[in-house]
Each structure stands twice: as C-alpha cells, then as structure tokens.
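Working notes for the structure below.
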Amino acid sequence: MEQYEREQKREQHRIEEVVKKIQERVESLQQYVSSGQKEVVHIRKNFWDDVTVNFDNAEEAIETAASIKQQAELLAERERSHYHADKQLTMLKRLEQSPYFGRIDFLEESERSPDQIYLGIHSFFDESTEQFLVYDWRAPISSLYYDYSLGSVVYKAQNEMITGEITLKRQFIIRNGQMESMFDTGVTIGDALLQEVLGKNANTQMKSIVATIQKEQNQIIRNETSRLLIVQGAAGSGKTSAALQRVAYLLYRYRDTLHADQIILFSPNPMFNSYISTVLPELGEENMKQTTFQDYVEEHIEKNFHVEDPFTQMEYVLAGKEDSKYLVRMQGIQYKASASFLKIVDNYVTYLRQGGMLFKDVKFRGNLLISKEEIKEKFYSFPLSMRIPNRIKLISEWLLKELKKRELLERKELWVEEEIQLLDKEAYAKIHKKLQQEKQYDANTFDDFEREQQMLAAMIVKKHFKPLRKRVKGLQFMNVPAVYVQLFANPLFAERFTSKNELPLYWKEICQETVERIQHFQMAYEDATPYLYIKDQLEDLQRNTSARHIFIDEAQDYSVFQFTFLKRLFPHSNMTVLGDFNQTIHAHATENGFSQLCALYGEEKSKRIELTRSYRSTKQIIEFTRQLISEGNCIEPFEREGRKPVITAVETDEELHQRIINRIKYLKKNNHKTIAIICKTAEESKAAYDILQQHVQLHLIEKETASFDSGVLIIPSYLAKGVEFDAVIIYNASNQQYRKESERKLFYTACTRAMHELYIYYKNELSPFLSTVEVNAYMQDK
C-alpha cells in the first residue's frame, strides 16, 4: 500500500509538471495567435495599399501581377500559420484538463532501461528537454498499449519492426489536472476504467473515448492493407466509435497526403450525422464529409420525379395491411434488391448495345428538329463493340452540330423579326458597339441596317437555342425513364435475360405497379438504385475519383445493388463497412450481403473483423436482449451491473399513458438525461406524442429531424438505429404491433438502445418475440 501511495504521489507530481509546461505553451501561443490574427486583418485591410498597380504597358502589367501574387501568398501564409497555431492552442487546452490516460514502460531490445510512454489524445513535445511528454494515441508505439499485456511485444514504425518488452501498463483518470484514479493492469484496458466511462449518462452526441479502445477495435482503427474492411459487430460493440477513430488515425497517419474532404461517411439518417459530429473535432481533426445514400439518389435522379425515401418505404412495410397489393409490393422490394435482378439488369444493358435504346424528339418552339428515330438510327450506326456511353457522347456532339445548322436557318423565320421589333435600347446599343468594334462602317454613322439585323437575329436565336443546347449537353435526349420502364412494360420481356422460373411469383403484378408509378413520375425506393444503375451504364455518371476512403454505417441494410452502385461511383476508394445482421430492419436486406460485397472487391483484398462484446448496455439488459434473436448467445456482455428490464401489462390506452408518464417522472428524478419512448412507426409516434405532450415535455423525432436535445423524446424504431439513451421505454410491445418474424430484428434493435434501464409496455397480448426470454431475465410490473 505504501508503494502504491508513493507511486500515486510520483504520478501526480508528473501530471502537475506536464500541466505547468502545457500552460506555459498555451500562454505563449495565445499571444502568437492574437498577434497573428491582427496581422492577418491588417494585411486584408491594406491589401491594395501594398500592391503596385500599373497597366500602362506589358512590362508594368507583368510587374503588377507579380506584386499581387506576392501579397496574396503572404496573406495565405499568415492565414495558414494562424490556423495551425489556433488548432494547436485548442488541442493544448484539452490536454491541460487531462494530459494523458495511459502509460506503458517499454524496454526495447538491446536497451538497458525502459522508456516511459504516456498516451493522450494528442502529443506534447517539450522543446527544452527535446522529449515527448505525451504521445498521440495514434502514434505507432501507442499501439502497444491497446494490443498487448505485459511481456514480449513488437510494433511497426517507419517500415521497421521493433521488438521489446512491456514491463508496466498503467491507466489514469485525470480531470482538471488532478488524478482521480490510477490502476495497473495486465490486460488491454482495465475493467475499472471501462466501468467508470460506461456508467455515465448518455449524451446527445457520441463520446470520443480513445482511452478505452479494445484490442479488436484497434485492429479496425489501424488497418492499412485492406481495400475492403468489414466490421460485423453486436449492438453496442463500438463499431461506429472505432470507425470514427479509424478516420482520425488515417488523417494522422497520412497527414501529408490525406485530407478530411477525401473521406465520406454514409450514415443512416441526418440525425445520426449530428450525433457523431463532435467526435473528430474532439480528437483535433476536421469532420469528413457526411451524407446519406438517399442524398446521392436524389442528386442523380431527374428532378421531375418524386423519389420515395427509405423511411416512407419502411412505414409502408411496417404499417401495411397484408392484402394482395401489399404482398406484391413486398416481393418487388425484395426482388429488385437481389443479385438475380442485378443479373437481369446487366443482361438488359448488354441487349441495349444492339437494340432497344429509346430517345426523345429534339424540338424547338414546338416544332420537330430531329426525331427520336433519327437519333436511334445514328446511335446504332456506330460499331456494336463501342461502349454505350461513348456512343452517347458522339450522339451529343452530332446533335450540337445539327443544332448549329438549324440555328442559321432559324434566323430567317418571321418570329425572329417580330422579336427584333420588341427589343429595348440596351440591346441595340450592344449591337451598335459590336459593329463599331468590327469596324465595318463609319463610327459616326449607323447606316449598316442589314448587318445590324443579322446580328440581332443571331443574338435572339442563340439565346432561344441556349436551353436546348444545355439539354443536349446534359444528355437529356436520352429517354432513361422509358428505357427503365421497357424492362417491365411486357412481363415476358424479362425472360430474355433470365429463365422464367427465376422470376418471382408476382412478377406480372410487380411490372404493372412499376410502370404505373414511373408514368406518374413516382420513383419507389426499391426502383431508385436499379434505375440509377442503368442510367450509369448508359451515360457514365460522374465518378468521384478524389475520395480515398468510404465508410458505410448500418451497412447490413444495404442491398447488393447499392453496394455495386457505390463501388462504381467511387472506383478508387477503400471501403469500411459497419453492420450487425441482428439489426437488419429493411425489407430488401439479405443475410449474405457482405459476402456479395466481398465478391465485388475480391476475398484477397477484403478483411472481416467480428466484435461480439457489447459495452453499451448493462449486463442485465444484454442478457435479456440477446434472447430475442437466434444467435444471441454469441454476444458477450460487459460486466456492468444494473436493473433487469421491466415488462408491464396494461388493459387500456389510458392506463398505458399514465404508466409511461409515471415512469418518465421516476427516470428524471433518478437523473437520467436522455429518455427515449420508442414506437414502432412514425404514425404511432405522432399519436403517442399528441397525448403524452399534454402531461410531460417531449420532443418528437421525425425523419427530417437533424439533431435532438437531451430530455424525453418519442422516436420511431427505425430512426433510433445507431443512437443510445440512458433509458428506453418500448411504447407497445403487444402481439398486435410486433408479431411478424420480419419485425423481430427491429424489436431487438429498439431494445438495445438502452444503456442503463429498459421498460417494455404492452396491451392485451404480449409479442411472441418475448415468449422465448427466460422469466428470470426480467421483472414484471403489475
């Protein structure tokens, strides 16, 4: 004990020394940042005063350009310097509160004494001693802290393998420059530290906890060799957290060649983007681009289409009555996401190379200029071996030349002369000036009437042809919607591209529904990606060649079509996908989606990492929720104790609402900051909100919601994906609401959002999903 206390004092003394040096650096930097900001403002304000401007001759003009360039470079250099100093100042202020969280003593092979390595969220170099007092958690040597216990170790630094021995591993909890806890450990991360961190309240934004990275998470973060990295992780296993720390690591590791805007994250919804938005800035990095797959869909589909979003589709799937129309739509959703349909589409595109392409007439002022038949004939006059996009490009060039010819002819039309009569003085002055410049007549007279009329006619026709040229350049002479509809117009047509017995049972009805929707400019979500896939094969949608890394969260809900389309959009990017098949909630998703993704990249370029330990919820909640799914026994709970989930039966809606109101008051009294009432659908959420908001303060979360505040909120089950709350109330887990086997994983996802407490209410009959849960795994409230 005396030895431990001595060590504690020694470590506290070191903390104070490091904090003192950090404070000295902060003070120095604050002065530099302040003076730097003033200098930047001064240069901007007096930019032109310090530039020599003279355009009297070519020599003076060159000198002026050089002077402007020199001043601009000076300003850019000062701005860059100020930015980096300000960024470093922010980092140091964070370190001042908690300079580090871990220590390893590393004895390198052939050395006599070990080096003491202290790890923090950023590095801190002491220039007076020329030593690192704190190492960045992403530095090569820091991997030892996460990957090894005491004993022999090896790590890679600058393409060299360094071997040695860890003689000590120590963890700290430091707040406001004071050490609250210190413990030595032989495992990767001590349970005491995890207990302390995980026992806190949930926040409206994800926490950045580099101190608690586990060995398997560190493999995700530091992977540099795989073109495709697949992370299959249980609910609460830290998938998203590890992915964001991976982004921070990549930006640190390749800081000279990789920038934040070269990394794109596809998240499940806009609210999730807000939830994770503070993680990277807390680690001293800029946020990467964040988007959703729906954003990409809407960006590339014609504006005259109303595109259904995945949440509207989800509402239909969850709330739809199981009649014949519903069964047709469900089968369409699943089939249009399948590898079988992808094969049909690929064969269809091959067929289009030799026949079946559809175009639009090119018209001007209601008159036909070039017919769709002429365009089609021209298209198929090119060699069949030529790619469709290359032929389309040639067609575009041909059409632009034809339009130029038609422009010349159109100048003589009567409507042009009529418009000339209506022109204002400004237009005449513009032409007059142009004629003067051409020096085709005496500047003091204006008698070249014929030339003037020609120029005015050319100006008017060019203006009217401009939108037409723009549409041709935008390839709008192609009739992509008609090409897509053609695949469904005759149900027998698809048999050309696959065998009849491979088509779904309701194929005829699926075709009919698809044609009707497209003709009314409605794009169902299940049609959006196949439509874009075909469009891309025809015209080569713009590729993003600058993106280096793509991250996809909740990837278990992506179809093979979506994965294939994204790979085409980002041909040079590495991809990191994160998912949990036990949380698959979209109707189109399949169990073998990740296998199909591996086939796209090749097994040799792919790596899979599985996370089975769950940290979010208490042991009692995990032991309850894992019984809801077939392979739940593989999920390992973290040993954090808490209350068992509570299941409550009610007889009426009035009783249900009163019970929930009482429970909310109890949870708030017990200092829970985020409380979620999770309903099955948006419709149920709105109905519950309308009643409960009369008694307690609530926030209704909808698909458009971009962020949420702490407090009590009502949220549809599918929007709660990826987010966590102190306490969760399942609004109605009755047999009426959750009975279809396809909804089991949705129910599991909703329950696993709870960190500390889980309450389940039901009216009449309990959901069959709970019938397999052992009675001793929960409490019943009567």
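Using a distance-only test at 3.5 Å, with no hydrogens or angles considered, no donor-acceptor pair links the side chain of Arg616 to the main chain of Ser237. Looking at Asp781, its side chain never comes within 3.5 Å of a backbone N or O of Thr648 through a donor-acceptor pair. No donor-acceptor distance shorter than 3.5 angstrom exists from the side chain of His549 to the backbone of Leu265, with no hydrogens or angles considered. Panel note: side chain Asp557, backbone His586; a donor-acceptor pair is recorded below 3.5 Å. Between the side chain of Gln217 and the backbone N or O of Gln214 there is at least one donor-acceptor pair closer than 3.5 Å. Checking side-chain atoms of Asp580 against main-chain N and O of Asn582 turns up a donor-acceptor pair under 3.5 Å. Side-chain atoms of Lys680 never come within 3.5 Å of backbone atoms of Pro716 as a donor-acceptor pair (strictly under, hydrogens ignored). Between the side chain of Arg744 and the main chain of Leu628, a donor-acceptor pair closer than 3.5 Å is present. In this structure a side-chain-to-backbone donor-acceptor pair under 3.5 Å is missing from Gln620 to Glu641. Distance alone, capped at 3.5 Å, places no donor-acceptor pair between the Ser226 side chain and the Leu229 backbone.
Nearest heavy-atom pair across Leu656 and Tyr731 is CD1-O, 3.5 Å. Shortest non-hydrogen contact noted between Cys751 and Ile760 is SG-CD1, 4.2 Å. Closest non-hydrogen pair, Ser630 versus Asn633, comes out as O-OD1, 4.4 Å. Closest of all the heavy-atom pairs between Leu758 and Ile730 is CD1-CG1, 4.1 Å. Of all non-hydrogen atoms in Ile221 and Ala242, the two that sit nearest each other are CG1-O, 3.5 Å. Of all the heavy atoms in Ala243 and Leu578, the pair that sits closest is CB-CD1, 3.4 Å.
Annotation: salt bridge (Lys or Arg N to Asp or Glu O under 4.0 Å) contacts of Asp653 (sequence neighbours excluded): Lys763. In terms of the side chain to side chain contact (heavy atoms under 4.5 Å, CB included) criterion, residue partners of Glu554 (sequence neighbours excluded) are, by chain and number, Pro268, Gln556, Lys721. Contacts of Arg138 classified as salt bridge (Lys or Arg N to Asp or Glu O under 4.0 Å), with partners at least two apart in sequence or in another chain: Asp136, Glu285. A search for salt bridge (Lys or Arg N to Asp or Glu O under 4.0 Å) contacts involving Glu655 returns Arg659, not counting sequence neighbours. Scanning for side-chain hydrogen bond (donor to acceptor under 3.5 Å, both in side chains) contacts around Tyr558 gives an empty result, with sequence neighbours left out. The side chain to side chain contact (heavy atoms under 4.5 Å, CB included) check on Met91 picks up Gln88, His122, with sequence neighbours excluded. Under the side chain to side chain contact (heavy atoms under 4.5 Å, CB included) criterion, Arg643 pairs with Val646, Arg663, Tyr666, Glu757, Tyr759, Met779, not counting sequence neighbours. Annotation: salt bridge (Lys or Arg N to Asp or Glu O under 4.0 Å) contacts of Glu702 (sequence neighbours excluded): none. Applying the side chain to side chain contact (heavy atoms under 4.5 Å, CB included) criterion to Ser767, with sequence neighbours excluded, gives Tyr738, Phe769.
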Could you go step by step and tell me if Gln178 and Ser98 meet the side-chain contact (heavy atoms from CB on, under 4.5 Å) rule? CA-CA 8 Å; Gln178 294 297 311; Ser98 180; over 6 Å; no

Evaluate Arg170 against Glu11 for salt bridge (charged side-chain N to carboxylate O under 4.0 Å, His left out), listing each step before the verdict. CA-CA 11 Å; Arg170 181 168 286 167; Glu11 292 289 10; 2.8 Å; yes

Do Trp137 and Tyr146 pass the side-chain contact (heavy atoms from CB on, under 4.5 Å) test, and can you show the C-alpha distance, the side-chain angles, and the key distance before you say yes or no? CA-CA 9 Å; Trp137 65 277; Tyr146 299 112; 3.5 Å; yes

Under the side-chain contact (heavy atoms from CB on, under 4.5 Å) rule, what do Leu144 and Tyr155 come out as? Steps first, then yes or no, please. CA-CA 7 Å; Leu144 297 176; Tyr155 75 96; 3.7 Å; yes

Ile677 and Leu713: side-chain contact (heavy atoms from CB on, under 4.5 Å), yes or no, with the steps? CA-CA 6 Å; Ile677 303 168; Leu713 55 89; over 6 Å; no

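Residue pairs meeting the salt bridge (Lys or Arg N to Asp or Glu O under 4.0 Å) criterion with at least one member in residues 618-632, sequence neighbours excluded: Lys619-Glu639. Sequence neighbours left out, not one pair with a member in residues 272-281 passes salt bridge (Lys or Arg N to Asp or Glu O under 4.0 Å).
The structure places CD of Gln313 at 10.0 Å from CG of Leu318, a figure rounded to the nearest 0.5 Å. To the nearest 0.5 Å, the span separating OG1 on Thr240 from CD on Gln245 amounts to 10.5 Å. Rounding to the nearest 0.5 Å gives a distance of 8.5 Å between CD1 of Ile629 and OG1 of Thr749. Taken to the nearest 0.5 Å, the CG atom of Asp726 stands 11.0 Å off from the CG atom of Asn670. Here CE of Met314 is found 9.5 Å from CD1 of Ile333. Values are rounded to the nearest 0.5 Å.
Heavy atoms of other residues, nucleotides or ligands lying less than 6.0 angstrom from CD of Gln736 number 12 at most. Heavy-atom neighbours of Lys607 NZ from other residues, nucleotides or ligands within 6.0 Å: at or below the threshold of 12.
The existence of a salt bridge linking Arg739 and Glu765 is excluded, since no basic side-chain nitrogen approaches an acidic carboxylate oxygen closer than 4.0 Å. Under the 4.0 Å criterion applied to side-chain N and carboxylate O atoms, Asp184 and Lys169 are not assigned as salt-bridge partners.
Two residues are said to be in side-chain contact when any heavy atoms from C-beta on lie closer than 4.5 Å; Phe725 and His756 fail this criterion. Taking 4.5 Å as the limit, every side-chain heavy atom of Ile166 sits out of range of all side-chain heavy atoms of Ser149. Between Ser685 and Ile701, every side-chain heavy-atom pair lies at or beyond the 4.5 Å cut-off. Contact check for Ile264 versus Phe551: no side-chain heavy atoms found under the 4.5 Å cut-off.
For the residue pair Asn662 and Gln658, a side-chain donor N or O sits within less than 3.5 Å of a side-chain acceptor on the partner. Gln737 and Glu743 share no side-chain donor-acceptor pair at under 3.5 Å. The closest side-chain donor-acceptor pair between Ser734 and Asn764, if any, does not fall under 3.5 angstrom. Side chain to side chain, Thr291 and Asp295 meet the donor-acceptor criterion of an N or O pair below 3.5 Å.
Below 30°, between 30° and 60°, or above 60°: for Phe172 and Tyr100 the angle between ring planes is above 60°, a perpendicular geometry. Classified by interplanar angle (parallel below 30°, tilted 30° to 60°, perpendicular above 60°), the ring pair Phe272/Tyr275 is tilted.
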Please tabulate, for side-chain N and O atoms in residues 688-699, each donor-acceptor pair with protein atoms closer than 3.5 Å (sequence neighbours left out).
unit_1	atom_1	unit_2	atom_2	d
Asp690	OD1	Lys686	NZ	2.9
Asp690	OD2	Lys686	NZ	3.1
Gln694	NE2	Asp690	O	3.0

